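Everything quoted here is computed from the prediction, not taken from an experiment.
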Amino acid sequence: MNFTPQWLKKRIVVNEEFFNTKKALSDLSVDTVCESSRCPNLNECFSRKFVTFMILGSVCTRTCAFCSVDKGNTSPVDCQEPARIRDCVSRLGLKYVIITSVTRDDLADGGAGQFVKVVECIKHGLRNVVIELLIPDFAGNADSVKTVALSGADIIGHNIETIRRLYPAVRNGAGYSRSLGILKSIKEISPGTLTKSAILVGLGEKEEEVVEAMRDLRNADCDILTIGQYLRPSQNHYPAARFVTPEEFQRFIKHGKDMGFKNMSAGPFVRSSYMAEENFKEVSHDKCYSAAVSARR
């Protein structure tokens, strides 16, 4: 796969806000998944002052074959991290905040408590901020899932990443059914919370397998779905099997709308956090959901 199709060529956007964003992150010693995952949208998003904060350190205890986040020995949970993230949110003037984390199988709660502390710190220190969490699977710990479901976050995402058949090769230590169960549980515990997931394509799946995964997500009452092209971070990572065409992405969007997702995004550079604020604004036009968010605040 040495040939890069035209639709995978992206114009680099860098402006003054890009450097201001980088400086704020550096000054406050805050990690982002944008940098750790080598996201193709980093320059564009930083130039819009849009970041996805990554808590619980920068080292993951899992070895997912597609992911470029560092693996190895983890650090103790940093009790000052929530305040630094709040200060960064304030400095950048963010009104939509996404918090994700590395997977921490070494922690009894998988890091759920730190998610809650970050949410509480932001909400107590700043007003009118929408918070989206993108959580790991907490090794299937039901108490941890309940903890984040009741955290007061407006949106909670958990990415299934790929189809059921590819899990053993791509997502070591994870479980397809487990991930679907987490999304379903969040909705059962906190019906007013939007749920979200993401799939990467180009890993060797068939189109009908992606549609099946989409259907499984809707059966788990998932509200928002993003589908994007897998781009191999390095030669040491799982090989990309193909480049999905724009036409196929459009078919995924049609399937998603027909299935009833409240928001459906698909395209070569689409990622879980990409244009998340815009997607939220579209979904929050639902008056019932807006009322539920207001009630939780």
Between the side chain of [X] and the main-chain N/O of [Y], is any donor-acceptor distance below 3.5 Å?
X      : Y      : value
Tyr230 : Ala241 : no
Thr162 : Ile199 : no
Glu205 : Leu166 : no
Lys71  : Val69  : yes
Asp31  : Ile55  : no
Asn159 : Ala198 : yes
Ser197 : His158 : yes
Ser75  : Gly57  : no
Thr195 : Asp221 : yes
Glu81  : Cys79  : no

Next item on the list: Quick one: pull up OG in Ser265 and CG in Asn279 and give me the separation to the nearest 0.5 Å.
Entry: 4.0 Å

Next item on the list: Measure the spacing between CG of Leu194 and CG of Asp223 and express it to the nearest 0.5 Å.
Entry: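 The CG atom of Leu194 sits 5.0 Å away from the CG atom of Asp223.
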
Which heavy atom of [X] sits nearest a heavy atom of [Y], and at what distance?
X      : Y      : answer
Cys88  : Val30  : CB-CG2, 4.4 Å
Leu42  : Cys34  : CD1-O, 3.5 Å
Ser179 : Ile160 : CB-CG2, 4.0 Å
Phe252 : Ala266 : CB-CB, 4.3 Å

Note to self: Listing request: all salt bridge (charged side-chain N to carboxylate O under 4.0 Å, His left out) pairs with a residue in residues 157-177, at least two apart in sequence or in separate chains.
What the structure shows: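 For residues 157-177, and leaving out neighbouring residues, the salt bridge (charged side-chain N to carboxylate O under 4.0 Å, His left out) pairs sorted by first residue read Arg165-Glu209.
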
Notebook entry, point to check: Can you hop from Ile85 to Phe46 via hydrophobic side chains spaced under 4.5 Å?
Noted result: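 Linked within one cluster.
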
Item checked: Member of Val116, Val118, Ile122 meeting the side chain to side chain contact (heavy atoms under 4.5 Å, CB included) criterion with Glu120 -> Val116

Checklist line | Member of Leu28, Leu126, Val129 meeting the side chain to side chain contact (heavy atoms under 4.5 Å, CB included) criterion with Arg86 | finding: Leu126

Margin query: Please enumerate all residues that pass side-chain contact (heavy atoms from CB on, under 4.5 Å) together with Val14, with sequence neighbours excluded.
Written below: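 Scan of Val14 (side-chain contact (heavy atoms from CB on, under 4.5 Å), adjacent residues dropped) gives Ile12, Phe18, Phe19, Asn43.
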
Using a strict cut-off of less than 4.0 Å between a Lys/Arg side-chain nitrogen and an Asp/Glu carboxylate oxygen, indicate whether [X] and [Y] qualify as a salt bridge.
X      : Y      : value
Lys206 : Glu212 : no
Arg48  : Glu17  : no
Lys95  : Glu277 : no
Asp258 : Lys254 : yes
Arg62  : Asp137 : yes
Asp109 : Arg104 : no

Note to self: Would you say the rings of Phe280 and Tyr96 are close, in the sense that their centroids are separated by under 6.0 Å?
What the structure shows: yes

Next item on the list: Kindly say whether the aromatic ring centers of Tyr167 and Tyr176 come within a distance under 6.0 Å.
Entry: yes

Do [X] and [Y] have side-chain atoms, one donor and one acceptor, less than 3.5 Å apart?
X      : Y      : answer
Thr61  : Asp106 : no
Glu35  : Thr32  : yes
Lys196 : Asn263 : no

Next item on the list: Give the C-alpha distance, both sets of side-chain angles, the deciding distance and a yes or no for salt bridge (charged side-chain N to carboxylate O under 4.0 Å, His left out) between Arg242 and Glu248.
Entry: CA-CA 12 Å; Arg242 67 188 180 107; Glu248 189 171 341; 2.9 Å; yes

Check: Taking the six-membered ring of Phe261, is the NZ or CZ of Arg218 close enough (under 6.0 Å from the centre) and on axis enough (within 45°)?
Finding: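 Positive - Arg218 is close enough to the ring of Phe261 and near enough to its axis.
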
